[in-house]
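First the structure, in the form of C-alpha cells, and then the observations on it.
In this text, all values refer to a predicted model and were calculated from it rather than measured experimentally. In listed order, ligands and their atoms are each counted from 1.
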Amino acid sequence: MTTSNAALAAGVTDSELIASIRDSVRGLCRGFPAEYWRALDADKAYPTAFVEAMTQAGLLGVLIPEVYGGSGLGLTAAAAILEEVHASGGNAAALHAQIYTMGTVLRHGSAAQKEMWLPRVADGSIRLQAFGVTEPTAGTDTTSLTTFARREGDTYVVNGQKVWTSRAEHSDLMVLLARTTPKDQVAKKSDGLSVFLIDMRSARGHGLTIKPIATMLNHATTEVFFDNLVIPADTLIGEEGRGFKYILDGMNAERILIAAECVGDASWLIGKARDYANTRTVFNRPIGQNQGVQFPIARNYAQYHAARLAVYDAAARYDAGLACGEQANIAKLLASEASWAAADTCLQTHGGFGFAVEYDVERKFRETRLYQVAPISTNMILAYVGEHVLHMPRSY
Ligand SMILES: Cc1cc2nc3c(=O)[nH]c(=O)nc-3n(C[C@H](O)[C@H](O)[C@H](O)COP(=O)(O)OP(=O)(O)OC[C@H]3O[C@@H](n4cnc5c(N)ncnc54)[C@H](O)[C@@H]3O)c2cc1C
C-alpha cells in the first residue's frame with residue numbers, strides 16, 4: 001500500500017492469469033492519469049482515447065467466446081479489469097457495457113446474429129454499448145414500459161421513449177426492450193415484452209432521435225425517442241414476448257461488474273484518504289494520528305474488504321454456472337455502500353481541499369454516488385433479498 005491509486009489488497013487470491021490481467025490494466029491506466037479524467041469531467045467529454053486503448057488491448061472482448069474472436073474468459077476476469085480501472089482513479093462507465101451488453105445476443109440471439117455481430121463487437125469495430133430499458137413514466141416498474149414495437153410484414157414499427165440510455169451517442173447498436181403485446185392483453189405482466197438489436201447508424205434521423213441529458217457526473221447518458229422507426233423483423237432477439245426474461249438473465253452479470261467498479265472506487269478513495277491523513281499536518285501532527293480521522297478510514301477498509309470478498313464470491317459462482325442472484329445482489333449492495341462510505345470519509349478527511357477540483361475527490365464523490373441508484377437502486381436489492389432470500393411478502 002504505497003500509493004493511493006494501486007488497488008488495496010483485501011482477501012482475494014488471484015490466479016496467475018487474473019494477476020497478469022490486473023497488471024496490464026494498471027499499466028494501461030497509468031497512461032490516463034487524474035489530469036486526463038479531470039479535463040474530461042470539466043468538458044463533459046467522452047474518454048475516446050481511453051476506450052480506444054482498452055479496445056486495442058483486447059480487454060473489452062473478455063466475455064466473448066474465442067470462436068467469435070473474444071478471449072472467452074469469465075466474469076472474474078471482467079470484474080478484475082473494471083475494478084482496476086476504478087482503483088486507478090479512472091472510470092469504466094464509458095465502456096463497461098461493451099463488455100456485457102452482448103450477453104443478450106450471445107445467450108438468446110440466432111446463429112446468424114451471433115456470427116454477424118459478436119466478432120465485430122470483440123474487435124471493437126462495432127460498439128454495442130447502449131441498453132434501452134428505463135422509461136420516464138415506468139421507472140423501476142419495467143413491465144409498465146410503453147415503448148411499442150408493432151409487427152408489420154417483415155418489419156416492426158417502434159414508437160415510444162427511453163430515458164437514461166447511456167452511451168447511445170457512442171454506440172452503433174442498441175439492445176432495446178419494447179412491448180409487442182399490450183400489458184392488458186397478456187396473462188403475466190412480464191409477458192409480451194421483446195428484445196431487439198437496433199442498428200442506430202441507419203436509424204438516427206429516420207425515426208430515432210438521441211438527446212443528451214445534463215447530469216452531475218460525466219456519463220454520456222441520453223433520452224432516446226422512437227417515432228415510427230421501422231426496423232427489420234430479424235432484429236428481434238429470441239422469441240417475441242419473452243424479452244423480459246432475456247433481460248433478467250443479464251442482470252446478475254451487470255450487478256457483479258458494477259460492484260467490482262465500486263470496490264475499485266473504494267480502494268482509490270481509501271488510499272487517497274489514507275495518504276492525505278498521513279501527510280497533512282495540523283496542530284503539529286498528521287491528522288491521521290487523530291482517531292476521529294483514522295477510524296473512519298479503517299472502518300471503510302473493513303467495509304471494502306467484506307464487499308470485495310462478496311464480489312468475487314458472486315463472480316466465482318457465476319463462472320461456475322451456479323445460481324447467484326442472492327450473491328450478485330448482495331455484492332452490489334455492499335460494494336455500492338462501501339464506495340459511498342469511503343467517498344464521504346475521503347472528502348471529510350481532505351477538509352476544504354476535498355472540494356477543490358484538482359484533488360479529484362469531489363469528482364469521485366459524485367461518480368460513485370450513482371451506484372446506489374443505477375443500474376438498480378438499493379431499495380430494489382433489499383426488496384429482492386426480502387422476497388427471494390428471506391421469503392418475506394413481496395413489498396411492491
Ligand atoms: C447516470 C445514469 C445512467 C443510467 N443508464 C441506464 C442505461 O444505460 N439504460 C437504462 O435502461 N437505464 C439506465 N439508467 C436508469 C436506472 O437504471 C434507473 O434510474 C434506476 O433503475 C432507478 O429508476 P428510476 O430512476 O426510474 O427511479 P424510480 O423508479 O422513479 O424510483 C425512484 C426512487 O424510489 C424508489 N422506489 C421506487 N419504487 C419502490 C418500491 N416499490 N419500493 C421501494 N422503493 C422504491 C427507488 O428505489 C428510487 O430510489 C441510468 C440512470 C442514471 C442516473
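The protein atom (non-hydrogen) at minimum distance from atom 13 (C) of ligand 1 is Trp164 O, 3.0 Å. In this structure, atom 47 (O) of ligand 1 lies nearest to the protein heavy atom Ser377 OG, 2.5 Å. Here the heavy atom of the protein found nearest to atom 3 (C) of ligand 1 is Ser166 OG, 3.2 Å. Scanning the protein heavy atoms around atom 20 (C) of ligand 1, the nearest turns out to be Val373 O, 3.4 Å. For atom 41 (N) of ligand 1, the closest heavy atom belonging to the protein is Tyr396 CB, 3.2 Å. If you check which protein heavy atom lies closest to atom 23 (O) of ligand 1, you get Thr140 OG1, 3.3 Å. Atom 44 (N) of ligand 1 has as its closest protein heavy atom Asn379 ND2, 2.9 Å. When hydrogens are left out, the protein atom nearest atom 26 (O) of ligand 1 is Gly139 CA, 2.9 Å; that is the closest non-hydrogen contact.
Comment: Glu83 engages Arg308 in a salt bridge, judged by a side-chain N to carboxylate O separation of less than 4.0 angstrom. A salt bridge between Arg120 and Asp172 is absent, with no side-chain N of the basic residue lying under 4.0 Å from a carboxylate O of the acidic one. A salt bridge is defined here as a Lys NZ or Arg NE, NH1 or NH2 lying under 4.0 Å from an Asp or Glu carboxylate O, and Glu152 with Arg150 meets this definition. Glu223 has no carboxylate O lying under 4.0 Å from a charged side-chain N of Lys211, or vice versa, which leaves the two without a salt bridge. Using a cutoff of 4.0 Å between basic side-chain nitrogens and carboxylate oxygens, Arg363 and Asp360 are scored as salt-bridged. The existence of a salt bridge linking Arg317 and Asp313 is excluded, since no basic side-chain nitrogen approaches an acidic carboxylate oxygen closer than 4.0 Å.
At a threshold of 4.5 Å between non-hydrogen side-chain atoms, the residues Glu261 and Tyr371 count as touching. A heavy-atom distance below 4.5 Å is not found between the side chains of Asn329 and Met380.
Here is the list of ligand 1 atoms found below 4.0 Å of a heavy atom in Val133: 11 (O). Ligand 1 places these atoms under 4.0 Å from at least one heavy atom of Leu370: 1 (C), 2 (C), 52 (C), 53 (C).
Within a 4.0 Å radius of atom 34 (O) of ligand 1, the protein contributes no non-hydrogen atoms. Within 4.0 Å of atom 30 (O) of ligand 1, not a single protein heavy atom is present. Distances from atom 7 (C) of ligand 1 to the protein include at least one heavy-atom value under 4.0 Å.
The N/O atoms of Pro375, backbone and side chain alike, include one that comes under 3.5 Å of an N/O atom in ligand 1. For a threshold of 3.5 Å applied to N or O pairs, the pair formed by Glu135 and ligand 1 contains no separation below that value. Between Ala138 and ligand 1, no N or O atom pair is found at a separation short of 3.5 Å. Backbone and side-chain nitrogen or oxygen atoms of Thr134 are examined, and one is located within less than 3.5 angstrom of a nitrogen or oxygen of ligand 1.
Note on ligand 1: Ala383 sits outside its first shell, no heavy atom being nearer than 4.0 Å. Ligand 1 lies out of reach of Thr215, whose nearest heavy atom is not under 4.0 Å from it.
Of the heavy atoms in Met380, only side-chain atoms (C-beta onward) come closer than 4.0 Å to ligand 1.
Relative ring orientation between Tyr359 and His350 is described as perpendicular, the plane-to-plane angle rising above 60° on a 0-90° scale split at 30° and 60°. Tyr36 and Phe32 have perpendicular rings, their planes meeting at more than 60° on a 0 to 90° scale where under 30° would count as parallel.
The cationic atom of Arg151 (NZ for Lys, CZ for Arg) lies less than 6.0 Å from the six-membered ring centre of Tyr156 and within 45° of the ring axis.
One distance of note links CD1 of Ile231 with OG1 of Thr155; it measures 8.5 Å at 0.5 Å rounding.
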